[in-house]
J.: 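After the structure tokens below, expect a handful of questions from me.
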Amino acid sequence: MSLPWHIPLEAAPCFKEKLNAVQPTLLKHYCNINVHENPCEELQTGLMCDIGLDNREPATIQRLIASGMTVARLNMQNLEPEACAQLIQSIRQAVYNYSLELDFVYPLAVVVDVKGPDIVTGGLKNGPHATVELLQTETIRLTIDPSWRDCGTSECLYVGYDQLTDLNTDDIIYIDSLSPGKIKLVVTEVGDDSLECLIVIGGTIGASMAVRISSIPMEVQSCRRDDSADSISDIISSSQAFEHLDEQVNWATASDVDALLVPNCQGSHDIKQIKEMLSEKGKHILVLACIDTVLGLDNIDEVLEEADGIYVDRSVLSTDLPVEKIFLAQKQILAKCNAVGKPCLCKAVLNEQIPTLCVTDLANLVLDGADVLSLELHYDSPLKKFAPLYDAIRMAEHCLGAAGVICRQAERITWKPNIHGNQDLLKNRNEDPTKSVCITAAELAALSQAVVIICLTNSGRTAKILSYIKPVCPIVAVTRTCHTARQLRFWRGVRAVHYFESPKGNWLNEVESRIFAALNYCKAKRMLRAGDAYVIISGSRRGVGYCDSVKLLFASVREATYLE
């Protein structure tokens with residue numbers, strides 16, 4: 001077999017063509033797309049699925065993992081701690097069973113929703129089980145007067161938020177409804193302790209319904225339990241902003257989750273409070289901010305500076321932002337996340353009945369730079385009425401598989417300009433040695449047409465910087481830390497290998513053993529062919545503190561799977 005350096009350059013025109021494959025402009029890049037080419041073999045975008053009561057069995061979770069799920073999400077807002085603990089146990093068991101089949105540890109990231117700052121209405125006049133119908137075009141008064149706390153009617157309703165009167169006329173308020181959709185109110189008059197509102201969209205409400213107000217910031221108060229409180233009602237009233245948030249954070253830390261999702265994040269103070277609760281024991285846990293309101297979108301720069309990543313649910317954001325501007329917000333958030341190298345998770349809906357309508361949406365999210373797609377899979381489908389043998393889990397597997405194919409097609413046509421053209425990455429490249437080494441490795445991979453970059457990392461920082469640079473090939477990160485391997489699932493293009501063999505006394509033997517584990521992973525994934533180039537980033541000696549060595553190697557027949 002002839003390796004690339006054995007062939008004269010003048011006799012290898014295909015090599016020159018590959019070297020100049022990157023088009024100078026996006027327009028020319030799209031003009032040269034070949035629709036008949038196969039998608040990328042290795043999926044680089046992460047896929048996140050909700051794990052709840054409908055799919056809590058380990059066998060079901062294992063089937064979702066086998067179909068492409070890389071991140072599991074738990075919503076603590078609707079579950080008791082015991083139920084969440086059972087879900088965590090089921091996820092760990094499913095990962096263990098799947099890892100046994102693969103003969104290597106499968107890193108599945110687990111993200112948990114914590115209960116954010118809630119604003120709720122008071123009780124109703126006829127008791128806790130009463131309901132009130134709010135009719136369209138009629139008016140209603142929202143008050144903060146405590147005398148109306150338990151006697152709300154269709155004419156006047158208590159709202160537990162002291163800054164309610166800071167709103168202005170024409171501001172919009174949403175209230176959860178017992179009927180489909182949300183109740184929409186428009187402020188027409190502001191008083192000393194109440195608001196007069198016009199009901200634009202009506203509905204049915206009960207006691208303690210959630211209220212969405214985004215024009216003014218919410219007060220973030222401490223929500224730790226006060227032992228001097230006389231009753232549970234005193235505790236709840238004293239911690240209305242974040243009800244028992246400290247208990248949720250402590251539970252998540254004890255359960256060894258990988259990330260916390262903070263809903264309705266409006267500023268950096270929301271993230272700082274969560275990180276203070278995590279303290280030293282949970283400092284390794286990622287804190288992701290959910291942008292749900294216009295205020296959070298306006299403060300995206302300060303939120304992004306403090307948070308470890310951003311989550312966007314466009315259906316929730318559309319309740320506060322005009323629908324025609326949702327795509328602008330999506331592109332802005334994705335661009336800002338890509339500019340600073342932090343992951344962006346986007347909610348996507350894959351319609352099982354007419355999936356072709358969702359193909360463009362999924363592909364555009366990938367082309368815009370989304371790191372993880374949060375898929376909404378329905379297990380209680382209306383198709384059950386027409387097909388008694390309908391298998392909801394099997395349909396979820398098909399949806400995951402279809403999403404994976406769409407993402408791989410989009411990843412194949414993603415425009416990847418030369419690394420030399422990204423001026424932001426080249427600024428102050430000497431201030432961080434790891435950044436300089438990663439830029440050099442990405443340039444070397446591009447020039448040599450390398451098929452994979454293998455980096456040996458402990459904290460995962462090298463792999464994160466490589467993902468920020470966005471090289472032309474996938475990244476395989478080898479780490480000894482379990483939570484690092486799982487958390488790297490949030491960064492696009494990174495595939496983590498959890499290396500757990502006993503440390504070698506000689507550092508060169510240790511490096512060689514880790515590289516051998518990465519090559520075994522590449523062989524299992526059929527990423528390397530005999531003669532393919534690959535780049536290795538490692539440390540030259542033990543305890544150097546960062547990766548300071550870059551090597552270019554070519555796979556031998558023993559190191560790779562040869563494909564015709």
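As the structure is a prediction and not an experimental result, all values here were calculated from the model.
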J.: Looking at Thr253, is its backbone amide N or carbonyl O close enough to the side chain of Asp256 to form a donor-acceptor pair, meaning the two atoms are under 3.5 Å apart?
T.: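 No, the answer is negative, given that no donor and acceptor are paired below the 3.5 Å cut-off.
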
J.: Counting distance only, does the side-chain N/O of Glu302 pair as donor-acceptor with the main-chain N or O of Ser268 below 3.5 Å?
T.: yes

J.: Determine whether Leu286 and Phe490 make a side-chain contact, defined as any pair of heavy atoms from C-beta on separated by less than 4.5 Å.
T.: yes

J.: With no hydrogens and no angle check, just 3.5 Å: does a side-chain donor-acceptor pair link Thr484 and Asn458?
T.: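 On atom types as modelled, these side chains do not qualify, holding no pair under 3.5 Å.
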
J.: Minimum heavy-atom separation for Cys84 and Leu74, please, with both atom names.
T.: O-CD2, 4.0 Å

J.: So, does Ser177 use its side chain to make a donor-acceptor pair with the main chain of Gly203 at under 3.5 Å?
T.: no

J.: If you apply the rule side chain to side chain contact (heavy atoms under 4.5 Å, CB included), what do you find for Leu157 with Ile205, and how did you get there?
T.: CA-CA 11 Å; Leu157 200 61; Ile205 65 170; 3.6 Å; yes

J.: Check for a donor-acceptor pair, side chain of Ser99 on one end and backbone N or O of Tyr106 on the other, with a separation under 3.5 Å.
T.: yes

J.: Going through the distances and angles, do Asp308 and Lys464 end up as a salt bridge (Lys or Arg N to Asp or Glu O under 4.0 Å)?
T.: CA-CA 12 Å; Asp308 297 308; Lys464 295 174 185 177; over 6 Å; no

J.: Heavy atoms, side chains only, cut-off 4.5 Å: are Ile172 and Tyr174 in contact?
T.: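 Yes, close enough: below the 4.5 Å cut-off.
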
J.: Give me the atom names and distance for the closest heavy-atom approach of Cys197 to Ile173.
T.: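 So the two residues come closest at SG-CD1, 4.4 Å.
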
J.: Distance from Ile175 atom CD1 to Leu185 atom CG, nearest 0.5 Å?
T.: 4.5 Å

J.: Rounded to the nearest 0.5 Å, what separation is found between the CD1 atom of Ile271 and the CD atom of Glu306?
T.: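 These two atoms lie 7.5 Å from each other.
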
J.: Does the Ser467 side chain pair with the main chain of Ala463, one donor and one acceptor, at a distance under 3.5 Å?
T.: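 Judged by distance alone, no pair lies under 3.5 Å.
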
J.: Does Glu305, at its CD atom, have more than 12 non-hydrogen atoms belonging to other residues, nucleotides or ligands within less than 6.0 Å?
T.: no

J.: Under 3.5 Å, sequence neighbours excluded: what are the donor-acceptor pairs made by side chains of residues 325-335?
T.:
unit_1	atom_1	unit_2	atom_2	d
Gln330	OE1	Arg314	NH1	2.8
Lys331	NZ	Asp368	OD1	3.1
Lys331	NZ	Asp368	OD2	3.2

J.: Students often mix this up, so state it plainly: with edges at 30° and 60°, are the rings of His483 and His284 parallel, tilted or perpendicular?
T.: tilted

J.: Is the closest side-chain donor-acceptor distance between Glu101 and Asn97 under 3.5 Å?
T.: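 Asn97 and Glu101 do not have a side-chain donor-acceptor pair below 3.5 Å.
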
J.: Does any N or O in the side chain of Thr70 come within less than 3.5 Å of the main-chain N or O of Leu47, such that one atom is a donor and the other an acceptor?
T.: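 Answer holds: yes.
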
J.: Flag yes if more than 12 heavy atoms outside Gln89 fall under 6.0 Å of its CD atom; otherwise flag no.
T.: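 For Gln89, atom CD is not crowded (no more than 12 foreign heavy atoms under 6.0 Å).
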
J.: Is there a side-chain contact between Leu345 and Ser374, using heavy atoms and a 4.5 Å cut-off?
T.: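 Side-chain contact under 4.5 Å: no.
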
J.: To the closest 0.5 Å, what do you measure between OG1 (Thr479) and CG (Leu488)?
T.: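 Answer rounded to 0.5 Å: 7.0 Å.
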
J.: If the test is ring pair (Phe, Tyr, Trp, His ring centres under 6.0 Å), which one of Phe500, Tyr98, Tyr499, Tyr521 qualifies with Phe104?
T.: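 Running ring pair (Phe, Tyr, Trp, His ring centres under 6.0 Å) over Phe500, Tyr98, Tyr499, Tyr521 with Phe104 returns exactly one hit, Tyr521.
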
J.: Can you give me the closest heavy-atom contact between Cys337 and Pro343, atom names plus distance?
T.: SG-O, 4.2 Å

J.: Which atom names give the shortest non-hydrogen contact between Arg212 and Asp292, and what distance separates them?
T.: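 Arg212 and Asp292 have their closest heavy atoms at NH1-CB, 3.7 Å.
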
J.: Nearest 0.5 Å, please: how far is CD in Glu57 from CG in Leu87?
T.: 10.0 Å

J.: Taking it one step at a time, do Leu124 and Thr153 satisfy side chain to side chain contact (heavy atoms under 4.5 Å, CB included)?
T.: CA-CA 6 Å; Leu124 299 180; Thr153 63; over 6 Å; no

J.: Between Glu411 and Thr45 (side chain of the first, backbone of the second, donor and acceptor by atom type, cut-off under 3.5 Å), is there such a pair?
T.: yes

J.: When you compare the side chain of Met48 with that of Val111, does any pair of heavy atoms fall below 4.5 Å?
T.: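 Yes, close enough: below the 4.5 Å cut-off.
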
J.: One pair to check against side chain to side chain contact (heavy atoms under 4.5 Å, CB included): Ile51 and Val110. What are the steps and the verdict?
T.: CA-CA 10 Å; Ile51 302 298; Val110 178; over 6 Å; no

J.: What heavy-atom pair brings Val478 and Ala518 nearest, and what distance separates the two atoms?
T.: CG2-CB, 3.6 Å

J.: Between the main-chain N or O of Gln86 and the side-chain N or O of Ser90, is there a donor-acceptor pair closer than 3.5 Å?
T.: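 Yes: the side chain of Ser90 pairs with the backbone of Gln86.
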
J.: Could you check whether any side-chain heavy atom of Glu376 comes within less than 4.5 Å of a side-chain heavy atom of Asp50, counting everything from C-beta outward?
T.: no

J.: What distance separates Trp491 CH2 from Ile475 CD1, expressed to the nearest 0.5 Å?
T.: 12.0 Å

J.: Would you call Ile274 and Asp270 a side-chain contact if the rule is heavy atoms closer than 4.5 Å?
T.: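 A side-chain contact under 4.5 Å is absent here.
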
J.: Would you check if the side chain of Asn299 reaches a backbone N or O of Leu295 as a donor-acceptor pair within less than 3.5 Å?
T.: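 Between the backbone of Leu295 and the side chain of Asn299 there is a qualifying donor-acceptor contact (under 3.5 Å).
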
J.: Should we say atom CZ of Arg394 is surrounded by more than 12 heavy atoms from elsewhere, each under 6.0 Å from it?
T.: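 No, not enclosed.
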
J.: Could you check whether any side-chain heavy atom of Val372 comes within less than 4.5 Å of a side-chain heavy atom of Cys346, counting everything from C-beta outward?
T.: no

J.: Do the side chains of Leu108 and Val71 get nearer than 4.5 Å, heavy atoms only?
T.: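 No - every pair of side-chain heavy atoms lies 4.5 Å or more apart.
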
J.: Please report the interatomic distance CD1(Ile65) to OG1(Thr60), rounded to the nearest 0.5 Å.
T.: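 If I round to the nearest 0.5 Å, the distance is 11.0 Å.
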
J.: Please determine if Arg73 and Asp113 form a salt bridge, counting it only when a charged side-chain N lies under 4.0 Å from a carboxylate O.
T.: yes

J.: Salt bridge or not for Glu280 and Lys283, using N-O below 4.0 Å?
T.: yes

J.: Going by an N to O cut-off under 4.0 Å, is there a salt bridge joining Arg492 and Asp371?
T.: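 No salt bridge links Arg492 with Asp371.
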
J.: Output yes when a side-chain donor or acceptor of Gln136 lies under 3.5 Å from a complementary backbone atom of Ile201, and no otherwise.
T.: no

J.: Quick one, Tyr161 with Leu142, criterion side chain to side chain contact (heavy atoms under 4.5 Å, CB included). Give me CA distance, side-chain angles, the key distance, then yes/no.
T.: CA-CA 10 Å; Tyr161 183 50; Leu142 303 181; over 6 Å; no

J.: Taking all heavy atoms of Asn126 and all of Ala130, pick out the closest pair and write down the distance.
T.: CB-CB, 3.7 Å

